[in-house]
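In what follows, chains are A, B, ... by sequence order, proteins preceding strands, each numbered from 1. Since the structure is predicted, the reported quantities are computational estimates derived from the model, not experimental observations.
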2 protein chains.
Amino acid sequence: MATIYDVSLLAGVSLATVSRVVNNTGKVSDKTRQKVHDAMAQLDYRPNTIAQSLASNRSNSVGVLVSQLDGPFYGPLMREIESVLRSANKHVIIAAGHSDAAQEKEAVEFLLSRGCDALIVDAEIVTNDYLRKLCQGKTPVVLINRHVEGIADRCVHLDNLKGGLLASRHVLEFGHSRIAYISGPLFKLDARERLQGHKQALAEHGLAFDEALFFEGDFREEGGYEGMATLLDSGEPFSAVVCANDQMASGAIALCLERGLRVPEEISFVGFDDIPFPRYISPKLTTVSNPIQDMGHMAANWVLKEVYGQSDIDFNHRFEPQLVVRESVQRALG
Amino acid sequence: MATIYDVSLLAGVSLATVSRVVNNTGKVSDKTRQKVHDAMAQLDYRPNTIAQSLASNRSNSVGVLVSQLDGPFYGPLMREIESVLRSANKHVIIAAGHSDAAQEKEAVEFLLSRGCDALIVDAEIVTNDYLRKLCQGKTPVVLINRHVEGIADRCVHLDNLKGGLLASRHVLEFGHSRIAYISGPLFKLDARERLQGHKQALAEHGLAFDEALFFEGDFREEGGYEGMATLLDSGEPFSAVVCANDQMASGAIALCLERGLRVPEEISFVGFDDIPFPRYISPKLTTVSNPIQDMGHMAANWVLKEVYGQSDIDFNHRFEPQLVVRESVQRALG
DNA sequence: TAGATTAATGTAAGCGCTTTCATTTTTAAC
DNA sequence: GTTAAAAATGAAAGCGCTTACATTAATCTA
């Protein structure tokens, strides 16, 4: 692989000049520029980005930490971030935290030591203190899906409480009063916030939260399936189920169908996140939108603006969920 | 951020010695090692991986190119690769090709120039020649989901033809003879191979391939939805639909349900890939398994073995699909 | 046309680390 | 107590690039 030195030799100019034309900085006469371009082409020269990073202390890459690489939720987030950044000629290094504190930290360290110019972090586990400290470091950081006191200006998050409120109000307005709730894992902030919204909606309607109608799931189809089975087997009567995300709702509905329960005729369902797939099942899932892509867009543009001075977007910290009414909720009988 | 130099100063040893203890290479006395560890801890020293890469010409990171970052197919692939590599202390840099030749190439260049020790590439568009040339470079490359003559030893792929065969045979054995086919985009090799399997199954049963029952989709829900509408509106009769992947099958089924057609009573469906979601819809989708995770596992282990000398897996190039019978195919009437 | 600007190019010192080779220290062998 | 071999350490030359700063060439001013 040819180095900048080979190019300078062939073109008969200095290293500095080659560097100037490669990076399009400083003044270079057209004649010289042409010579350099020719030499580069002839040698099939491509700059060694590692060396560039080391010398310039800038890597043109931004690190992204998500909790998982698969699943319907993080994919679109990564896609949006990659897309924004790539079109600005920045590159993305992705790491996964796997909902594990040690791995999350390790991933952050990796991205940092990898010389990322900025980090976009969707951290589920690490403490607020850790994140506050992280934000004090010299690498700029945006936090996604999380609101942390003291560094609110670095956070892009969804109003999960409101989302929970919206979902539960909807079934309440349809006359349901025995409402089961399949929650996400409560160590995750968004799961707690959504649950809080649910409780608040219940309270608005003068209803008490009933532990017997509560199940803590895992945000996955399996958890919804299992939760539904537990709820049904408990013998407690209920006519609607609010699920803290669409995946669990899908699992729960699958179980109902298996047991011959009709949805929504016998049981109504609301999900959360509005992922694509449940639009394609029957009944189409009523849910709450989660503008995760918009948040990714915002985070990526923040980086572009703050780190590379390239965007002039107005930073919006808090995104609003919206109720998406489809077919899975029906008026309560009686 | 502390550098190795700071550590050496504080520990009162040379740079070389610090490097030795950081990398655990060469001989260092216990006493010295302890001093260095203390100094590192005290300074919160973390090696600059960029500088390490530049100096050692090894980055401990492997590049992964997929066509998309989202969707139910690539997620699990990335997850598996990341998981294998991470447990061997290697890191993953992911880039997306977006089914576009220029972007695929650019992504490969990026990963290469980024100093990856190896590449795992799921290339859809670039030519075989490009890939052959790529494999001749000094960075080791594994190709996933693709079989290229001349570099077969670098390819990990699925027997798509057999998969197509399996899917179509299944509906044929259930007595269907008017079978519609919703294909993936034909510029993708796997779409072509699956179609070929379909045609072969038809031929086995003495049936001719009928253009009127063919639709070229996009491997996405929307394509299946649209394809189904086109097929239905064409007025051609058919009693079963073979879809080249599960996502299109889901879209197609959604349309049927919207139009009040019962599945599988009136129309049978087979998918391909066995992604998680359609297991949770009704009817549960009969499909063909695609051991994409196993392939990811294999590719990652190949890298571990060939590049880092750490695994001793037996390389398996070709993976076999299997029919997964669930509920979406029913015996043809009459 | 001398003198002052400005443009174009070159020189060389790093960036933080690895690694070869030389040097010093320790251990072993007799 | 020598001496040879082995172990531990250090010195220094890069890895491929960027970037102050210095230098030279070109252009302008009066």
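- At a threshold of 4.0 angstrom between heavy atoms, the contacts of A/Asn57 with the nucleic acid are absent.
- B/His98 and A/Glu82 share a side-chain donor-acceptor pair at under 3.5 Å.
- When the C1' atom of C/dA13 is taken as reference, atom CG of A/Leu54 falls 13 Å away, rounded to whole Å.
- Within 6.0 Å of the CZ atom in A/Arg220, the count of heavy atoms belonging to other residues, nucleotides or ligands does not exceed 12.
- What you find for A/Arg318 and A/Asn316 is that their closest heavy atoms are O-OD1, 3.2 Å.
- Computed from coordinates, the B/Leu9 CG to C/dC17 P distance equals 13 Å when rounded to whole Å.
- A donor atom on one side chain and an acceptor atom on the other are not found under 3.5 Å apart for B/Asp190 and B/Asn160.
- Taken residue by residue, residues 10-33 of chain B places heavy atoms nearer than 4.0 Å to DNA chain C at B/Ala16, B/Ser19, B/Arg20, B/Asn23.
- B/Arg86 has a carboxylate O that lies under 4.0 Å from a charged side-chain N of A/Glu106, or vice versa, which qualifies the two as a salt bridge.
- Under the 4.0 Å criterion applied to side-chain N and carboxylate O atoms, A/Asp38 and A/Lys35 are not assigned as salt-bridge partners.
- Counted within 6.0 Å of CG on A/Asp314, heavy atoms from surrounding residues, nucleotides or ligands total 12 or fewer; the atom is thus considered open.
- On the nucleic acid side, DNA chain D has its first and last nucleotide under 4.0 Å of a heavy atom of chain B at D/dA8 to D/dG16, going 5' to 3'.
- Closest approach of A/Ile144 to A/Ala299, counting heavy atoms only: CD1-CB, 3.8 Å.
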